[in-house]
Structures are given as C-alpha cells and as structure tokens.
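The structure appears below as structure tokens.
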There are 4 protein chains.
Amino acid sequence: MTASPPPTSTQVPSPTRRRDSARTRQRLLDAARRHFARNGYAGTPVREIADEAGVNVSLVNRYFGSKEGLFAACLTEAIDGLRHTTADAPPDMLPSIIASEVADPGHYEHLLLLVRSSGDERADQIRIEVLRNYGEALAARAGWQPDVPDGEDLLLRAQLVLSTAIGMVLLRSAGLHPLASTSEQSLVAPLRDLVNAVLPPEQKGERPNGV
Amino acid sequence: MTASPPPTSTQVPSPTRRRDSARTRQRLLDAARRHFARNGYAGTPVREIADEAGVNVSLVNRYFGSKEGLFAACLTEAIDGLRHTTADAPPDMLPSIIASEVADPGHYEHLLLLVRSSGDERADQIRIEVLRNYGEALAARAGWQPDVPDGEDLLLRAQLVLSTAIGMVLLRSAGLHPLASTSEQSLVAPLRDLVNAVLPPEQKGERPNGV
Amino acid sequence: MTASPPPTSTQVPSPTRRRDSARTRQRLLDAARRHFARNGYAGTPVREIADEAGVNVSLVNRYFGSKEGLFAACLTEAIDGLRHTTADAPPDMLPSIIASEVADPGHYEHLLLLVRSSGDERADQIRIEVLRNYGEALAARAGWQPDVPDGEDLLLRAQLVLSTAIGMVLLRSAGLHPLASTSEQSLVAPLRDLVNAVLPPEQKGERPNGV
Amino acid sequence: MTASPPPTSTQVPSPTRRRDSARTRQRLLDAARRHFARNGYAGTPVREIADEAGVNVSLVNRYFGSKEGLFAACLTEAIDGLRHTTADAPPDMLPSIIASEVADPGHYEHLLLLVRSSGDERADQIRIEVLRNYGEALAARAGWQPDVPDGEDLLLRAQLVLSTAIGMVLLRSAGLHPLASTSEQSLVAPLRDLVNAVLPPEQKGERPNGV
DNA sequence: TATGAATGAGAATTCATTCAT
DNA sequence: GATGAATGAATTCTCATTCAT
C-alpha cells in the first residue's frame with residue numbers, strides 16, 4: 001500500500017532468493033490477515049505478525065508505513081479475495097458458495113476482516129466500500145442493478161444474507177456448536193432455504209413482490 | 001438497561017448522591033458495555049470507560065479486580081439483558097423481536113458483546129454459554145427440546161438466525177447502508193421471510209412433542 | 001506516634017470492649033512489626049497490616065499519621081523490646097541471651113526491624129539510635145563506659161557481635177540451613193566462642209590487650 | 001563490578017560507542033545491583049535503575065523480561081562476584097579477606113544483595129544457593145568436606161562467620177559508627193579474633209582428612 | 001534489503017491517603 | 001471511634017516506531 005511494485009509472489013526471481021522484497025511483503029500480508037481476522041486490529045501486536053512471517057518487525061513500517069497501513073493493505077487485498085467468490089456463477093449456486101466461503105479456512109478470514117476496525121478513517125472507508133460491493137454483487141444475482149430506483153429493498157435483503165455469512169463465521173470462530181462443527185455440505189441446505197426466502201433468484205418476467 | 005437509579009442501597013442517601021458504591025459499579029458496567037461492544041476488548045482503554053462513568057480509573061480494579069473482570073461482568077450482565085428478549089412470546093413474534101433487538105440502541109450492545117473476545121478463558125466460557133443459551137431459546141420456538149435426538153438440525157438453524165442478527169448489528173454499526181439506516185419496522189418483513197424459511201414455527205400436529 | 005494517649009494495652013477497660021482505641025493501636029503495631037520485619041518497609045502494603053490487625057486501613061493514618069509514622073512507632077517500640085534483653089544479667093550469660101534473642105520468634109523481629117529502612121530521615125535516626133544503644137549495652141558488659149576515651153575499640157567489637165546477631169536472624173529467615181534449623185541450645189556453644197574471643201568479659205584489674 | 005569497558009563485542013565498534021547491547025545490558029546490571037543492594041527490591045523503581053544506567057526504562061524488560069528477571073540476573077552475577085573472593089588462598093588470610101569484602105565498595109553490594117528478597121521464588125532459590133555455597137567455601141578452609149558426617153557443626157560455624165560479614169555490611173550501610181567509619185585495616189584484628197575462635201583453621205595432624 | 005538496538009508514549013494496576021458517613 | 005468510598009500519584013510493562021548499521 002505504500003512502496004515497491006506489487007509483483008504478487010512471482011516465481012523464483014533468483015535461485016538463491018535472498019532479499020526478495022515482494023515475497024517478504026506478501027508474507028507479511030498473509031500473516032497480518034490471519035491475525036487481524038482472528039484477534040482484531042487492537043488485539044494483534046505487529047511483532048506477532050512479523051514473527052509469524054519470519055521477518056523483522058521494522059519491515060512492517062518499511063513496507064506499509066505503519067500498522068494502520070498494513071491493515072489497510074489487508075483490506076485492499078480482501079477485495080480481490082472476495083471478488084472471485086461472487087463473480088458470475090449460476091445464481092442458484094449462491095448457497096453453496098456461501099457455505100464454502102464460510103467453511104474454507106483460506107477464505108473466511110476475508111469475511112472476518114470486514115468486521116474488524118482499526119478506528120482509522122481511511123481503513124474504515126475501504127472496509128465499507130468492500131462491504132458495499134459485496135452486497136451489490138449478491139443483490140445482482142436477484143436482479144438488482146445500479147442506479148435503478150426501488151432497488152433498495154433488494155440491496156437490503158442482500159445485506160441480510162451478507163450479515164448471515166459474517167455472523168456465521170464469527171460464531172464458528174467463537175466455537176459455538178453445532179454451528180462450528182457443521183460441515184460445509186451440511187450448511188448448504190439451511191442456507192438454501194434462507195437465500196431462497198430472503199433473496200429469491202431473479203425470475204424472468206414476473207417478480208410477485210413488486211418492489 | 002437496569003438503569004434503576006439507586007441500585008441496592010434503597011434508602012435514598014442524600015440529594016447529592018455521592019459515595020454510592022452500587023451505583024458507581026453500575027455506571028462502570030454501563031460504560032464498559034458500550035465501549036467493549038463498539039471497540040472490542042483490546043480497543044478500549046479502561047480509562048476511557050472510567051471517564052465516561054465519571055469515576056476514578058482505579059475503581060475498575062477495586063470493583064472488578066481487573067479489566068478482564070469488568071469484561072466478564074459485562075457478559076454476565078448480558079445474560080439477563082438477553083434472556084427477557086427471548087422469553088415466552090408467541091413464536092410468530094420472533095421476526096419483530098429480532099428487529100427490535102437489532103435496532104434498539106439499548107439492546108444491540110449485548111449482541112455485539114457476544115462476538116468480542118478478551119482472550120481470557122473464563123470470559124470466553126461465559127460468552128459461549130450465553131450464545132448457546134440464546135440459540136436454544138430460539139430453537140425452542142420451533143419445537144426444539146433439550147436431549148431430544150434429531151434436534152441438532154433445529155439448533156443449527158436457530159444459530160443461523162442468531163448469526164443473522166449478530167451480523168446485522170455489526171454491519172449496522174459499521175455504517176453499511178441501506179442496512180444501517182433501515183428502520184426497525186422495515187426490517188421486520190425480510191426477517192419474517194428469513195425466519196419462516198430457516199426456522200419455521202412449530203406446526204401443530206406435525207410435530208408430536210407439543211411444547 | 002501522632003495522636004491519642006499511649007496506654008499500652010491495659011487490661012479490659014470495659015466489659016464489651018467495643019471501640020478500644022489503645023487496643024486497636026497495639027494490634028496495628030504488632031501486625032506492622034511482623035510485616036516490616038519480614039518484608040521490609042517498601043515491601044509491605046499498609047492494607048496487609050490492617051487486614052492482619054483486623055481493622056480498617058484508614059486507621060493507620062488516624063493513629064500514626066502515615067505509613068512512615070507507623071514504621072517509626074514500631075522502631076520506638078523496639079527500643080523497649082530490646083532493652084530488657086540486654087539489661088543487667090551476668091556477663092557470661094551473653095551468648096545464651098543472644099541465642100534466645102535470635103531464636104525466639106517473639107524477639108527476633110525487633111532485630112530485623114533494625115536493618116529495615118523506609119528512607120525516611122526521622123525513622124532512620126531512631127533506628128540508628130537504637131542500634132547505637134544496643135551496641136553500647138553489649139560493650140558495657142566488657143567494661144565499656146560512656147565518655148571514656150579509648151573505648152572505641154570495645155564499641156567496635158560490640159558492634160561486631162551485634163552484626164553477627166543481625167546477620168544470623170537474616171540468614172535464618174532466609175532459610176539457610178543448617179543455621180536456620182539449629183536449636184537455640186546448639187547456638188550457644190559457637191556463640192560463646194565468638195563472644196569470648198571478640199568481646200571478652202571484663203576481667204577485674206588486668207586486661208592484657210591494652211586498648 | 002566487572003567494569004571491563006567492551007563486554008562482549010570485542011572489536012571496538014566506533015568512537016561514539018552507541019548501540020552496544022552487551023554494554024547496555026551490563027550497565028543495567030551494575031546500576032541494578034547498586035540500587036537493589038542499598039534499597040531492597042521493593043524499594044527501587046526500575047526507572048531509577050534505568051536512569052542511572054542512562055538508558056530507556058523499557059530496556060529492562062527487553063533484556064531481562066521483568067524487574068524480577070533483572071533481580072535474578074543480579075543474583076546470578078553475584079555468584080561469580082563472590083566466588084573469586086573465597087577461592088584458594090591461605091586459610092589465615094580469611095580475616096583480611098572478609099575485611100576487604102566488607103569494606104570494598106565494589107564488593108559489599110554482592111553481600112547485601114544476598115539478604116534482599118523480591119518474594120519471587122526463583123530468585124529466592126538462587127539466593128539461598130549462593131549463600132549455601134559461600135558458607136561451604138568458608139567451612140572448607142576449616143577442613144569441611146561435602147558428604148563427610150559431623151561436618152554440620154563446621155558448616156554452622158562458617159555460616160556464623162558469614163552472618164557477621166553480612167551484618168557488618170548492613171550496619172555499615174546504616175551508618176552505625178564506629179563500625180561504619182572503621183578502615184579495612186582496623187577491621188582485621190577483631191575479625192581475626194572472631195574467625196580463629198569460631199572457625200579455627202584446620203590444624204595439621206589433629207584432623208586426619210588433610211585437605 | 002534487512003536487522004537489532006533504542007525510544008517514548010500509553011496502558012493496566014497498585015497503593016497510600018483523604019473524604020464522607 | 002470506625003468504616004468504606006473515592007482519589008491521584010506512581011509503577012511496571014507493552015508496543016509501535018525510529019535509528020544506526
């Protein structure tokens with residue numbers, strides 16, 4: 001988010017691979033995402049992140065300017081992480097997509113990140129933008145389109161679905177059983193009920209609840 | 001929120017009303033709940049809490065032993081705060097109850113508290129217990145009973161509803177519109193769709209264990 | 001040391017014995033001596049003393065003005081506690097007197113007190129005076145008299161004996177075995193060797209080491 | 001004192017000589033020993049130590065983990081500081097060795113440290129071990145050997161001598177005259193009387209185990 | 001590029017003391 | 001005479017950040 005080109009971990013620049021700044025940067029981002037997602041911004045010391053990344057603490061400031069900068073970079077990265085999830089796929093896949101998002105340890109951290117705040121305005125702005133985009137992507141599956149009036153209710157309902165996903169991740173990470181121990185597959189059925197009721201897939205032509 | 005003016009010493013000591021330990025304790029609890037709910041455990045200095053309560057910082061340690069103790073006390077208090085919400089009321093009232101819980105500034109802090117962790121084991125235990133009870137109370141409205149086999153799915157679905165409520169509160173507090181600005185009333189309709197689909201009220205006859 | 005008459009725990013002023021200030025005062029002194037002796041001045045919170053005395057903390061300030069005042073009072077009290085030990089007794093009893101002083105749990109606290117400092121000038125002055133008197137009392141047994149020139153060496157030697165006693169108490173309280181577990185009786189023999197060599201009892205007429 | 005200028009990094013980094021961790025560490029240790037010896041553990045704020053060492057307070061935690069850790073490190077260091085004192089030297093030198101130990105401002109702090117307790121169990125264990133070793137080293141000069149029965153009395157007598165030394169240091173630091181102002185040389189004679197009486201040097205022939 | 005030393009601000013907690021009853 | 005509430009200063013420790021190499 002501050003300096004150096006963003007060559008997201010390209011393969012083997014030099015055989016010895018000493019002093020690979022892009023790699024170091026990415027390791028920091030990965031470790032940071034994990035810790036920020038789990039323990040929140042205030043709850044994670046930068047040293048912990050650097051230790052897990054296996055690099056020196058001061059590199060956080062070198063690469064990201066500050067702890068806030070690192071957090072903002074995590075959020076920015078989360079945009080991509082979430083985009084491909086909600087990219088085009090048959091609308092009726094949504095329940096299983098959510099289930100996988102919620103259950104996949106590689107993905108749910110992105111969702112958790114979205115409810116962690118550093119108090120920093122810039123970061124919060126990124127965060128809210130990501131949330132908004134995510135909601136719109138969900139709403140689009142039910143026929144929502146930008147700048148079309150009366151779409152507010154659809155957007156609201158999409159945000160309800162998003163709420164469910166985020167709440168699920170939180171309660172799972174809190175260890176609330178049976179939710180925490182339910183397999184991805186077993187989550188699909190109740191989620192299908194939920195999505196179909198709250199955000200029914202766009203039916204061509206007729207949409208009875210005239211919003 | 002238990003804001004009865006003279007909490008324990010019932011005989012109205014003096015018009016100036018200073019040196020009332022029960023009252024001081026409660027003021028600390030109220031301020032703490034607010035701050036912990038909004039900014040998380042690590043994100044709130046005890047001094048901030050004490051300042052808002054208008055008392056000296058050291059009283060936190062005097063009355064609650066430590067910051068952790070204060071946090072645990074908030075959680076314990078949240079049990080009662082949430083209990084009466086889920087107490088007996090016609091099952092079909094659930095959507096509007098959730099809506100009010102989510103929208104009422106006096107109540108949603110209890111929900112937020114449930115996804116804040118201090119890392120302290122004791123506090124986490126209380127937290128998980130409250131969550132579990134809450135889920136069971138919701139499930140009971142759909143006919144769930146403790147120790148009855150095959151109830152797991154109902155419990156899971158109840159926890160999904162709880163997830164939605166918690167997610168909503170979080171996204172509202174993040175300022176995600178339109179969700180954040182939707183009135184309590186307007187939340188009821190989509191919530192009704194959601195609850196009816198995920199956790200349909202017990203149907204007489206079909207489910208013999210008539211609770 | 002500050003207020004109220006000093007009626008050192010006279011017997012039963014009133015049958016019910018409620019609100020007996022002299023008694024309270026003495027209980028504080030007793031508890032304070034124990035704690036100051038064992039843990040030093042800075043190492044003992046006044047609350048600990050008050051708790052052991054079974055009275056309210058603020059009475060320390062009421063009766064002794066401050067923590068320093070309480071400490072000074074303990075030292076003052078130690079004067080009497082130590083005086084009767086070194087009062088007139090046959091000089092050849094000195095080793096067994098020291099042994100008993102060192103071993104008796106009721107007495108050695110007075111000795112310990114003498115090497116605890118609060119940093120307060122007034123208290124340190126009392127302390128040094130007690131130490132000086134103690135040394136003189138020991139020296140007197142070897143013929144030392146105030147204001148007689150050339151008595152310095154005798155005083156020095158007496159202070160060496162005092163050093164031994166104090167060092168013994170400290171090492172015993174540190175738990176250094178066998179010293180810590182040696183009975184009073186078994187201490188007498190080596191102490192007799194020591195005293196006889198360092199501070200030989202006054203021999204009438206001839207004292208060969210012409211000091 | 002171990003005041004050798006460049007403690008570990010032997011290659012003389014730069015004339016300004018900053019950023020030398022080993023040196024910083026040692027400066028902290030030196031200052032700590034002084035303060036702990038004089039004012040006890042509870043009586044010395046870490047800030048005072050850091051100020052005297054001329055470094056930032058937080059380095060205490062960086063290098064020693066905690067105040068307790070620093071104290072324990074002082075004790076550990078005292079082991080070496082005291083060892084060479086009691087190393088092999090003709091037994092009849094003991095009185096003058098004690099005199100120098102007691103009078104040398106670079107040494108007596110080690111002795112004082114041995115009667116200061118932090119209440120920490122680990123530190124107390126080190127302390128008692130050092131005391132024990134010291135006593136054994138003294139006893140060895142009188143023929144004591146480990147695991148030889150009947151050696152207890154010798155050990156006890158050696159600990160009496162140690163008591164004297166420690167008591168002397170304490171009373172000197174309390175400013176008790178004449179003891180406090182007596183020169184090292186003038187201490188030797190009374191100490192010789194004391195040592196010869198309490199812990200007579202091993203006599204050849206009489207004690208067959210000729211060590 | 002990377003490291004480790006050092007700093008300074010802030011945070012929680014302890015504790016002697018004062019106040020009001 | 002005694003209690004418990006409340007205060008403010010001081011203390012230890014953590015942590016993000018900067019400096020020098």
Side-chain angles (χ1 to χ4, degrees), chain A residues 4 18-25 42 44-50 54-63 65-70, chain B residues 9 13-14 16 18-25 42 44-50 54-70, chain C residues 3-4 18-25 42 44-50 54-63 65-70, chain D residues 13-14 16 18-25 42 44-50 54-70:
Chain A
S4 79
R18 289 183 326 164
R19 317 237 150 172
D20 182 340
S21 78
R23 184 180 159 84
T24 299
R25 202 186 126 93
T44 64
V46 280
R47 176 142 318 189
E48 226 165 68
I49 296 172
V55 304
N56 190 276
V57 209
S58 63
L59 293 187
V60 167
N61 297 278
R62 187 149 164 57
Y63 283 132
S66 66
K67 187 187 179 184
E68 299 266 19
L70 173 56
Chain B
S9 70
S14 95
T16 52
R18 290 180 54 207
R19 309 248 154 187
D20 181 340
S21 78
R23 183 180 161 83
T24 299
R25 207 187 119 95
T44 64
V46 281
R47 169 142 322 182
E48 228 162 67
I49 295 172
V55 303
N56 190 279
V57 211
S58 69
L59 292 185
V60 167
N61 299 280
R62 184 155 159 52
Y63 285 128
F64 302 96
S66 65
K67 187 186 179 185
E68 300 263 20
L70 174 55
Chain C
S4 79
R18 288 183 328 166
R19 318 236 151 175
D20 182 339
S21 78
R23 184 181 159 84
T24 299
R25 200 186 128 93
T44 65
V46 281
R47 177 143 316 191
E48 225 164 71
I49 295 171
V55 304
N56 189 276
V57 208
S58 64
L59 293 185
V60 167
N61 297 277
R62 185 150 165 56
Y63 284 134
S66 66
K67 186 187 180 185
E68 300 265 19
L70 173 56
Chain D
S14 93
T16 52
R18 291 181 54 208
R19 311 246 154 187
D20 180 340
S21 79
R23 185 180 161 82
T24 299
R25 206 187 122 95
T44 62
V46 282
R47 169 143 322 182
E48 227 162 68
I49 295 171
V55 303
N56 190 279
V57 211
S58 68
L59 293 186
V60 167
N61 299 281
R62 183 155 158 54
Y63 286 127
F64 302 97
S66 66
K67 188 187 178 184
E68 300 265 20
L70 174 56

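Labels below follow one simple rule: chain letters A, B, ... track the order of the sequence lines, proteins then strands, and each chain is numbered from 1. Source: prediction; values computed, not measured.
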Considering residues at least two apart in sequence or located in another chain, which fulfil the side chain to side chain contact (heavy atoms under 4.5 Å, CB included) criterion with [X]?
{"X": "B:Arg47", "answer": "B:Asp51, B:Val57"}
{"X": "D:Glu48", "answer": "D:His35, D:Asn39, D:Pro45"}
{"X": "B:Asn61", "answer": "none"}

Between D:Gly54 and A:Val55, name the one whose nearest nucleotide on DNA chain E is closer to the 5' end. A:Val55
Distance in Å, A:Asp20 CG paired with A:Arg25 CZ, rounded so as to fall on 0.5 Å steps: 12.5 Å
What is the distance from atom CG of C:Leu70 to atom CG of C:Leu59, rounded to the nearest 0.5 Å? 11.5 Å
Nucleotides 8-13 of chain F: protein proximity per nucleotide (B base, S sugar-phosphate only, - neither; heavy atom, under 4.0 Å): B--SBB
Length of the line joining [X]:[atom1] and [N]:[atom2], which is rounded to integer Å:
{"X": "B:Asp20", "N": "F:dA5", "atom1": "CG", "atom2": "P", "answer": "10 Å"}
{"X": "B:Arg23", "N": "F:dA6", "atom1": "CZ", "atom2": "P", "answer": "11 Å"}
{"X": "C:Leu59", "N": "E:dT17", "atom1": "CG", "atom2": "C1'", "answer": "13 Å"}

Quick one: does any side-chain atom of D:Lys67 pair with a main-chain N or O of D:Val60 as donor and acceptor, under 3.5 Å? no
Based on Watson-Crick and G-U pairs with both distances under 3.5 Å, what dot-bracket line describes DNA chain E 5' to 3', crossing pairs as [ ] and inter-strand pairs as |? .||||||||||||||||||||
With a cut-off of less than 4.0 Å, is there a side-chain N or O of A:Ser21 near OP1 or OP2 of E:dT1? no
Respond yes when some side-chain nitrogen or oxygen of B:Tyr63 is under 4.0 Å from OP1 or OP2 of F:dA6, and no when none is. yes
Any residue meeting side chain to side chain donor-acceptor pair (under 3.5 Å) with D:Ser21, in chain and number order, not counting sequence neighbours: none
With sugar-phosphate meaning primed atoms plus P, OP1 and OP2, does B:Phe64 contact a base, only sugar-phosphate, or nothing at under 4.0 Å between heavy atoms? nothing
Out of E:dA6, F:dA5, E:dT3, which has the shortest distance to the side chain of B:Arg62? F:dA5
